[in-house]
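Here's the structure, in structure tokens; my notes come after.
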Amino acid sequence: MHCSEEVLELKEIQSLEGHTDRVWSLAWNPTSSLLASCSGDKTVRIWQRSSSTSSWLCKAVLEETHTRTVRSCAWSPFGKLLATASFDATTAIWEHIGDDFECVSTLEGHENEVKSVSWNASGSLLATCSRDKSVWIWEVLPGNEFECVAVLQGHMQDVKMVQWHPTMDVLFSCSYDNSVKIWTEDGDSDDWHCVQTLGGHISTIWALSFNPSGDKMVTCSDDLTIKIWETDNITMQGGEGCAPWKHLCTLSGYHDRTIFSVNWSREGIIATGAADDAIRFFVESKDGSIDGPLYKLLLRKEQAHEMDVNSVQWNFGENRLLASASDDATIKIWELVSIA
């Protein structure tokens with residue numbers, strides 16, 4: 001049965017406590033049961049599910065490296081390295097060695113707060129963005145060395161998030177300037193440049209996420225809407241450069257405060273987290289009507305947290321396992337369960 005036809009409820013599995021300030025961001029490890037969280041308390045916590053009790057326990061606290069808020073975290077595609085971006089203007093690279101995490105590199109160059117970090121699909125490139133309006137691309141070299149290969153200037157304001165396309169070396173950035181910019185490398189000159197700017201949101205774009213095949217993207221904004229965008233994936237994969245993205249539809253009226261986070265599951269369910277303390281789920285509408293909505297609300301969870309929901313992230317392995325992070329200093333693990 002397709003998820004759009006099921007009757008579902010969101011079941012809270014566990015609330016994870018330990019951070020002493022707001023939790024900004026979450027990242028599931030792609031190859032294990034580890035979950036990373038980062039916070040205004042300047043630390044990163046690594047959580048792991050116990051094989052004996054199935055409950056989530058704090059396995060490690062990464063501290064005394066960042067001197068200010070840790071805003072974003074991301075695992076490398078093979079799960080060995082964790083990148084953490086901080087308001088102290090640095091990005092730290094941690095290596096998982098045995099049971100420990102060791103800071104093996106510190107990336108410096110941004111003028112002020114680093115807001116987001118993202119690895120490309122192969123793990124050969126890392127992108128960071130900052131309140132300094134720039135996006136940096138780093139090449140991963142042997143021996144945990146990182147070389148800046150591009151500084152991308154184009155946004156007019158604070159850049160909130162960077163995200164690589166799931167299958168190609170095409171980079172997306174969203175900003176306080178209400179736009180998404182799409183960046184690719186020129187094959188002849190090795191220079192990175194902006195190939196498209198997506199307008200339409202009328203306030204800050206906080207986050208974006210791709211569907212599994214990479215031919216659709218969702219963005220969320222301070223304008224209280226989420227927008228779905230699409231591209232011609234055949235053209236993209238055919239090596240003809242970056243096919244243009246087009247606006248497909250806008251979903252509005254579902255959150256009444258800023259939407260901070262959006263994440264698209266492998267099963268096709270879009271989760272959103274917002275400043276109204278709520279989590280929402282959307283799916284593609286299968287009703288077949290030509291004029292009907294292309295996407296519909298699947299489920300709403302009021303008071304998911306006691307304060308703003310800053311991040312929602314689907315687990316890689318278990319399709320309906322979701323983690324959320326909040327200003328209330330907690331992380332919650334949820335499961336979407338069928339009740340029909």
Side-chain angles (χ1 to χ4, degrees), residues 2-6 8 116 118 160-168 170-175 177-183 195-237 242-274 276 278-301 309 311-314 319-320 322 336:
H2 188 268
C3 54
S4 65
E5 298 161 2
E6 292 180 70
L8 297 166
S116 175
S118 176
K160 296 295 188 185
M161 187 182 198
V162 280
Q163 189 71 43
W164 289 96
H165 187 271
T167 61
M168 296 179 304
V170 178
L171 182 64
F172 293 69
S173 58
C174 58
S175 170
D177 67 12
N178 312 345
S179 76
V180 174
K181 288 188 178 291
I182 304 170
W183 312 85
V195 292
Q196 191 177 0
T197 300
L198 303 179
H201 282 294
I202 57 171
S203 192
T204 302
I205 304 171
W206 279 92
L208 62 92
S209 181
F210 296 95
N211 69 341
S213 59
D215 62 345
K216 289 188 175 69
M217 173 177 67
V218 58
T219 53
C220 65
S221 171
D222 184 56
D223 66 14
L224 313 186
T225 72
I226 64 174
K227 291 181 183 288
I228 313 286
W229 312 79
E230 66 176 349
T231 190
D232 179 356
N233 220 16
I234 290 86
T235 306
M236 291 178 79
Q237 302 293 4
C242 190
W245 287 77
K246 305 185 296 287
H247 175 253
L248 183 63
C249 64
T250 298
L251 301 174
S252 59
Y254 295 104
H255 286 287
D256 54 21
R257 291 188 65 193
T258 301
I259 307 167
F260 288 127
S261 182
V262 63
N263 196 235
W264 207 322
S265 81
R266 294 190 310 169
E267 195 185 4
I269 303 173
I270 297 169
T272 56
D276 56 11
I279 297 173
R280 300 277 186 271
F281 299 91
F282 303 89
V283 288
E284 193 169 359
S285 180
K286 298 289 186 182
D287 63 9
S289 68
I290 297 170
D291 298 323
L294 297 171
Y295 286 79
K296 68 179 184 180
L297 181 71
L298 178 69
L299 184 67
R300 63 179 76 219
K301 181 67 176 180
V309 180
S311 182
V312 286
Q313 294 291 320
W314 292 104
N319 271 350
R320 296 190 175 179
L322 182 84
L336 261 185

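When the side-chain contact (heavy atoms from CB on, under 4.5 Å) test is applied to N178, no partner is found at least two apart in sequence or on another chain. Under the side chain to side chain donor-acceptor pair (under 3.5 Å) criterion, K216 pairs with no residue at all, not counting sequence neighbours. Listed by chain and residue number, nothing satisfies the ring-ring contact (aromatic ring centres under 6.0 Å, His included) test with W183 (two or more places apart in sequence, or in another chain). Residues forming a side-chain contact (heavy atoms from CB on, under 4.5 Å) with S311 (at least two apart in sequence, or on another chain): L26, S261, Q313, A325. Looking at residues two or more places apart in sequence or on another chain, you find a side-chain contact (heavy atoms from CB on, under 4.5 Å) between L299 and L10, F281, L336. For S118, the side-chain contact (heavy atoms from CB on, under 4.5 Å) partners at least two apart in sequence or on another chain are V162, Q163, W164. Annotation: side chain to side chain donor-acceptor pair (under 3.5 Å) contacts of D276 (sequence neighbours excluded): H255. Remark: W229 engages H247 in a ring-ring contact (aromatic ring centres under 6.0 Å, His included) (not counting sequence neighbours). K160 pairs by the salt bridge (charged side-chain N to carboxylate O under 4.0 Å, His left out) definition with D158, not counting sequence neighbours.
Separation of atoms CG (N263) and CD1 (I279) is listed at 11.5 Å; rounding is to 0.5 Å. If you take OG1 on T272 and NZ on K301, they are separated by 14.5 Å, rounding to the nearest 0.5 Å. Rounded to the nearest 0.5 Å, atoms CG (L208) and NZ (K227) are 14.5 Å apart. Atom CZ of F282 is separated from atom OH of Y254 by 6.0 Å, given to the nearest 0.5 angstrom. Atom CE of M161 sits about 11.0 Å away from atom OG of S173, to the nearest 0.5 Å.
Residues S179 and D177 share a closest heavy-atom pair of OG-OD1, 2.8 Å. The minimum heavy-atom distance between A271 and V312, with the atom names listed, is O-CG2, 3.7 Å. Taking both residues in full, the closest heavy atoms of W264 and M217 are given as CZ3-C, 3.8 Å, listed atom of the first, atom of the second, then distance. Scanning both residues, S221 and S203, for their nearest heavy atoms gives OG-O, 3.2 Å. Contact between G214 and H165 at its shortest, heavy atoms only, is O-NE2, 2.8 Å. Taking all atoms of both residues into account, the shortest heavy-atom contact from I182 to W245 is CD1-CD1, 3.5 Å.
In this structure, S209 contributes its side chain and V218 its backbone to no donor-acceptor pair below 3.5 Å. T231 contributes a side-chain N or O that, together with a main-chain N or O of P244, makes up a donor-acceptor pair within less than 3.5 Å. For the pair W314 (side chain) and I269 (backbone), a donor-acceptor distance under 3.5 Å is present. In terms of modelled atom types and a separation under 3.5 Å, the side chain of S265 and the main chain of E267 share a donor-acceptor contact. Side chain of D223 to main chain of H201: no donor-acceptor pair is present (N/O by atom type, distance under 3.5 Å, no hydrogens or angles).
There is no side-chain donor-acceptor pair under 3.5 Å between T204 and D222.
Looking only at side-chain heavy atoms (C-beta outward), L294 and L248 come within less than 4.5 Å of each other. Considering only heavy atoms from C-beta on, R280 stays 4.5 Å or farther from I226 through its side chain.
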Is there a side-chain contact (heavy atoms from CB on, under 4.5 Å) between E230 and D215 once you walk through the steps?
CA-CA 6 Å; E230 66 176 349; D215 62 345; over 6 Å; no
Apply side-chain contact (heavy atoms from CB on, under 4.5 Å) to residues L251 and I270 and explain how you reach the verdict.
CA-CA 12 Å; L251 301 174; I270 297 169; 5.8 Å; no
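Counted within 6.0 Å of CG on L297, heavy atoms from surrounding residues, nucleotides or ligands total more than 12; the atom is thus considered enclosed.
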